[in-house]
Amino acid sequence: MAKLNMVEAIDQALQQEMQSDPSVIILGEDVGRDGGVFRVTDGLIQRYGEDRVIDTPLAESGIVGMAIGMAIAGYRPVAEIQFAGFAYPAYDQLVSHASRMRNRSRGGVHGAARVRMPYGGGIRALEHHSESMEAVYAHVPGLKVVVPADPYDAKGLLVAAVRDPDPVIFLEPARIYRAIKMEVPEEPYVVPLGKARVVRPGRDVTLIAWGAQLRVMREAAERLAAEAGTEAEIVDVRTLSPFDFETVVESVKKTGRAVVVHEAPRSCGFGAEISAQIMERALLYLKAPVARITGADTIPPLAKLEDYYQPDAPRVVQAVKDTMEF
Amino acid sequence: MAKLNMVEAIDQALQQEMQSDPSVIILGEDVGRDGGVFRVTDGLIQRYGEDRVIDTPLAESGIVGMAIGMAIAGYRPVAEIQFAGFAYPAYDQLVSHASRMRNRSRGGVHGAARVRMPYGGGIRALEHHSESMEAVYAHVPGLKVVVPADPYDAKGLLVAAVRDPDPVIFLEPARIYRAIKMEVPEEPYVVPLGKARVVRPGRDVTLIAWGAQLRVMREAAERLAAEAGTEAEIVDVRTLSPFDFETVVESVKKTGRAVVVHEAPRSCGFGAEISAQIMERALLYLKAPVARITGADTIPPLAKLEDYYQPDAPRVVQAVKDTMEF
Amino acid sequence: MAPINTLVSYSVQSVKVLDEDGSVDISLMPELSPEQLKALYEHMVLTREFDERMFKMQRQGRLGTFARVKGQEGAHIGAAFALRPEDWLVPAFRETGALLLRGLPMQQLLQYWSGDERGGAFPRSLNTLPIAVPVGTHMIHAVGIGWALRYSGTEAAVLTFFGEGATSEGDFSEAMNMAGVFQAPVVFCCQNNQYAISLPFTKQTASPTVAQKALAYGMTGIRVDGNDVFAVYRVTKEALERARLGLGPTLIEAFTYRVTDHTTSDDARRYRSEEEVEAWKRRDPIERLAKYLRAAGLLDDDGVAAVQAEAENRVAEAVTAFEAIPPISPEETFKHVFADLTPPLAEERDALLRRLATGASPGATKGE
Amino acid sequence: MAPINTLVSYSVQSVKVLDEDGSVDISLMPELSPEQLKALYEHMVLTREFDERMFKMQRQGRLGTFARVKGQEGAHIGAAFALRPEDWLVPAFRETGALLLRGLPMQQLLQYWSGDERGGAFPRSLNTLPIAVPVGTHMIHAVGIGWALRYSGTEAAVLTFFGEGATSEGDFSEAMNMAGVFQAPVVFCCQNNQYAISLPFTKQTASPTVAQKALAYGMTGIRVDGNDVFAVYRVTKEALERARLGLGPTLIEAFTYRVTDHTTSDDARRYRSEEEVEAWKRRDPIERLAKYLRAAGLLDDDGVAAVQAEAENRVAEAVTAFEAIPPISPEETFKHVFADLTPPLAEERDALLRRLATGASPGATKGE
Ligand SMILES: Cc1ncc(C[n+]2csc(CCOP(=O)(O)OP(=O)(O)O)c2C)c(N)n1
Ligand SMILES: Cc1ncc(C[n+]2csc(CCOP(=O)(O)OP(=O)(O)O)c2C)c(N)n1
Ligand SMILES: [Mg+2]
Ligand SMILES: [Mg+2]
């Protein structure tokens, strides 16, 4: 099996889905000739031409709106927004149309735009390039929200998203685009939407995260095992909407403790939803309050202060220790 | 003291702030000649003229963007978005600029647009006219989010918002625009932002809500007292951001039980944040999990099914009973 | 060296075929058979009758807020009359006549405006999108559909409607620009009824016409008298044909007037004069067409009465059919959020059904 | 009856003053004193030198990603040269020369591009907004400021810059339309450098010029040769004067070329040919101005060398000053979210400070 990083895995997923399904269309800023600013769509225009890999004008609302129209007409558009921080102009199209077209027409047509975007911090970028606003999509009925944490999942989840009949916000953690290489099967496969997974079993505490934070979790778990003999179970949420509460709750029922980690601002982040659900579904199992390790409720800082904003292993380790001693 | 409904109270607040502060400017669709589609700005253009009560073209992003420019230039713009369901085109201006201008310029300039909008369901309106998306503002660092629950607060909170140096999303529950009349002092007064209030004391359970749900809470509390002898304490959150966790947590520490109510979709609604904070700050006081009574994670239904979506007193009563028996 | 150089020159044309006294400019008159002419007339009368009836039902509390089309029948029916079944229609919310012309059953529209989402289930065969309430946001869907038609080699086009107020929204500009870039087979039809709720056209934009907005996108723009159903039909037909042939999009400004309130929630007397409204009522598109038909020997007093009676009948039947529709069940809210019910939604739905099973019925708060 | 009626006619002009060989059209040459001419030249050279130095520093890892302005000095410096101190500048991100001309200290710009937010603290007296990264979204702020200037009776105007890519964003259209409606004293200056990252202008819009986009808003639009600093200056000066007099906004398209990569993260060879770039390098705006100055006896070889040496000195000083800036403290993140620290933010800040006090330092994840 070839070892791929996330960029390559996504590129491969797109290439294979385009190959097997002529209704798959790519569109976005610089996705064609340039292969995307992160090279995620590299080589696709050479294979599939300008009509299926569309370099659009600079207009995010238009990109998503056009994708909705394509979906209505029976295509499977995969739109790219260059950075999640530039997706807000398309928020109206997502909330008012993509998420509702099916409901409005009682299933007659649907607005299943698949919208990929690099998101999250840790890449020392300019203002607006480090946004983690997954919660403002997860709160919208009718949108699915997916975040892969490694190349294998990135391919399988994206294949699932492309084949899914509903609009999907597919958030790609830019920080780990090239940071992880792993074996990725050559043939297409599906990692189903709506299923979390336990990536490390453990008995003492459940660590819950998605995307780039999974690496932080793993490091924290190793340290905890080494430093304190604490065995952390790690759950990769993978799909924020629909949320797989069963996998999460089952783990917490076992461990009795949970720490949720995300880099998005704390207030009203998806961690709050997870925390609330754990209380609702497993209060009597809890030996300590569910802790949240998150970004601050500040504007994500520029490069020099970014590390102070991002959750890191020491913070998680400390939070787990506090939780264990509660 | 005159008895005013919320529309009149807001109109009066705007009028008085315009009177005392020449930098206060109103802008929005139909706010002038028409006095606003809900008549909230009725009479203002006659008093202050077209230059201070500006009928804008139909462009929400432009309205908020222009307000940001006015704020930069030293004015206090109060923009109206006709319905919260039409604010999404302005989401980018709010997230990318209003909330960040101060931070970006290190305090040199600021984007303190005050953005009023009718929000919420219960008015038997068309699609998009019943939105309760307060959470997608409360999640944005740098925005304040305020929801009045009665005419007195509407006036005092709006005066505070107009005088506040930061951008404020001021959500007016359309459902109770004219449903409540109460004595409102003629002279201007401030209800400070960031302070919740206990509107009904009680020992057994804390009901937490904002906006139109306060009426539902009161009815539920009366029924609970009558039917079950359960004395509910009601907290009106008033400001979602910054959130007054102290008032909420203090109440829950006393009662040991809490039910949060909102009509917004459940997943990632502001109720999740409150629930998570209660657990974080008061787990050991809890006799039952914090319950959430909310709208469903569906597209808000049209008129005929609206009542099935909106929280109502029977649902809250039941939730409290379940909580009491936990 | 040519220091001041004229790079490009443009002009904006306006077209009128049918005069207010019913006479036409033969050189511009579109080809329309007597049957087509009568169909046009019948359809405009039916739409007006339906609009009147809906208004009454709204006042009786049987329908919710809706947007009347009275006085604008020439504009949107004239345009939609040029559509073929394989074309697409992407409406806003003030095109009742166009929707009916596409074959949408009247009772379904009543159902929709009564607040029953099942009314939005427009038959898929109509190639017609549901009503779009957020102003200006739907035209880009027409571009996406148009792209798909072109890409698939389908000889069909998309007609999308919107008001002049919608042209101020950023999405209008993005849709126009993308239509230009992708040469999408889309006809953008602006019903310029001169008001966006209370805002008059002159305050909506400093541009003297909507038509010239096309120039920003390298597109053709043209203005027609929107109360002249022949002009609107002719111009739209040509634009659709060009679109179907791959010759690109067109912007049509149908200059008309909203003689009623903005919606049933509005009171237009707050912002405009009775005289202005009366003057425009005299330019009624149906009257104008009737004059022509009478002069052409296609209509007489009996014909007028018959068409009116038939319209009333059909509307009455639709109202009866509407009233026979069983009430919508609360489960409907959960049905089409996603293609398949997700586990969290199933949980929420089940909770609702359990509540209802215990006899609980949703209670509005006291005193409302 | 006038069936086909020309409603309005427009043409789009282009202006050129300074030829590629350095000769000027006297009839169009703006009034500029020898001092002003020299200042223009010095400033363009300084900007280029600074741009080169920043590029080197970026490659050394001392700065983050930034957008070079090489080849576009004529466009944005020519335009900004027409500003008065009481005017406002609302920049995008590719106007280094204009920012420096406003008086922004070079070290502050270095600080900003190095990822230190304190660099955004542009002195309030400069009437200059911070850099706007989201494309197309800032021009509406210029309209709000312009509205305020006009309302307060201040005889001043606003100049806002953006690229041709920005014209595809809906916000551009909303800003232009509102500027037209409110007759805001705003000059919209589009640096059409023919690329938006990899997308060439011809695919950005079907409109042959940016200038004609003004017609959609009842505004005047004009194209100038953006590598002709005299033409840009002249046209901008006139537009600003009109604006200050309350005669409304103008759209200026400065037609130029981005001879470098889009940003330091880009590789332009992926999407355009070396020949194209080379051809445009030969139209360099600084060279062109130098030819004129030489012919006018205002510059010679020594002068060129002296100006270059002075630019190098000033840049070197700025780099030294930049390097002396003490590191930013983590507390800064919390300082300007709101005017006053809110209780929840104070709690978060205190938690961070407590962590740091225990000696914890933020740790990147292993293997990064
Ligand atoms: C995005 C958005 N903003 C505001 C509204 C409220 N609204 C409904 S119709 C309307 C005016 C529309 O004017 P125009 O486009 O001219 O169409 P008309 O109603 O005249 O047919 C407004 C402001 C809306 N529906 N959508
Ligand atoms: C809203 C938004 N979308 C995408 C981007 C990413 N991006 C940065 S610059 C750029 C191209 C801008 O092109 P243009 O407006 O012509 O300006 P230029 O870079 O050529 O000066 C893009 C797509 C962004 N910054 N903002
Ligand atoms: Mg209109
Ligand atoms: Mg460009």
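Protein chains get the first letters and strands the later ones, always in sequence-line order, with residue 1 at the start of each. Below, each value reflects all heavy atoms present in this structure, side chains not excepted, and no hydrogens, waters or symmetry copies.
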Between A:P301 and D:T333 the two heavy atoms that sit nearest each other are CB-OG1, 3.9 Å
If you measure from OG on D:S329 to CG on A:L305, what distance do you get to the nearest 0.5 Å? 7.5 Å
For D:Y271 and A:D30, what are the C-alpha separation, side-chain angles and deciding distance, and is it a side-chain contact (heavy atoms from CB on, under 4.5 Å)? CA-CA 10 Å; D:Y271 51 80; A:D30 307 291; over 6 Å; no
Residue by residue, which of residues 55-68 of chain D have a heavy atom closer than 4.5 Å to a heavy atom belonging to chain A? D:T65
Given the options D:Q204, D:E332, D:E117, D:R349, which has more heavy-atom pairs under 4.5 Å with chain A than any of the others? D:E117
Would you please test D:R270 and A:D42 for side-chain contact (heavy atoms from CB on, under 4.5 Å) and show each step? CA-CA 11 Å; D:R270 290 177 70 94; A:D42 200 23; 2.7 Å; yes
Answer with side chain, backbone, both or neither: which region of A:Q213 has an atom nearer than 4.5 Å to a non-hydrogen atom of chain D? neither
D:K70, NZ: over 12 other non-hydrogen atoms inside 6.0 angstrom: yes
Charged N-O contact under 4.0 Å between D:R355 and A:D312: no
Between D:D266, D:V133, D:L352, who has the most heavy-atom pairs with chain A when the cutoff is under 4.5 Å? D:V133
Segment of D:L199 engaging chain A (4.5 angstrom heavy-atom cut-off): both
Sequence neighbours excluded - side chain to side chain donor-acceptor pair (under 3.5 Å) pairs with any residue from residues 55-64 of chain A: A:S61-C:D171
Is it true that, when you exclude A:Q46 itself, more than 12 heavy atoms of the residues, nucleotides or ligands shown sit nearer than 6.0 Å to its CD? yes
Gap between atom CD of D:E347 and atom CG of A:D297 - 0.5 Å precision: 10.5 Å
Which of residues 188-198 of chain D have a heavy atom under 4.5 Å from any heavy atom of chain A? D:A196, D:I197, D:S198
Of all of A:Y308, A:Y309, A:Y88, which one pairs up most often with chain D through heavy atoms under 4.5 Å apart? A:Y308
Are A:L58 and D:E169 close enough that some pair of their side-chain heavy atoms sits under 4.5 Å apart? yes
Write down the atom of D:S168, the atom of A:P57, and the distance for their closest heavy-atom approach. OG-CB, 3.7 Å
Determine, for A:K304 against D:D116, whether the closest basic-nitrogen to carboxylate-oxygen distance falls under 4.0 angstrom. no
To the nearest 0.5 Å, atom NE2 of D:H262 lies from atom CG of A:D34 at 9.5 Å
Listed pairs under 3.5 Å, donor-acceptor, residues 316-326 of chain A side chains, sequence neighbours left out:
from, atom 1, to, atom 2, distance (Å)
A:Q318, NE2, A:D322, OD1, 3.0
A:K321, NZ, A:E227, OE1, 3.1
A:T323, OG1, A:A319, O, 2.8

Heavy-atom distances under 4.5 Å only: say whether D:A351 touches chain A with side chain, backbone, both or neither. neither
Spacing of D:F334 atom CZ and A:I299 atom CD1 [to the nearest 0.5 Å]: 11.5 Å
Using heavy-atom distances under 4.5 Å, tell me whether A:R266 contacts chain D through its side chain, its backbone, both, or neither. side chain
Hey, what do you get for CZ (D:F93) to CD (A:E127), rounding to the nearest 0.5 Å? 13.0 Å
With a 4.5 angstrom heavy-atom cut-off, could you sort out which part of D:T137 is near chain A: side chain, backbone, both or neither? neither
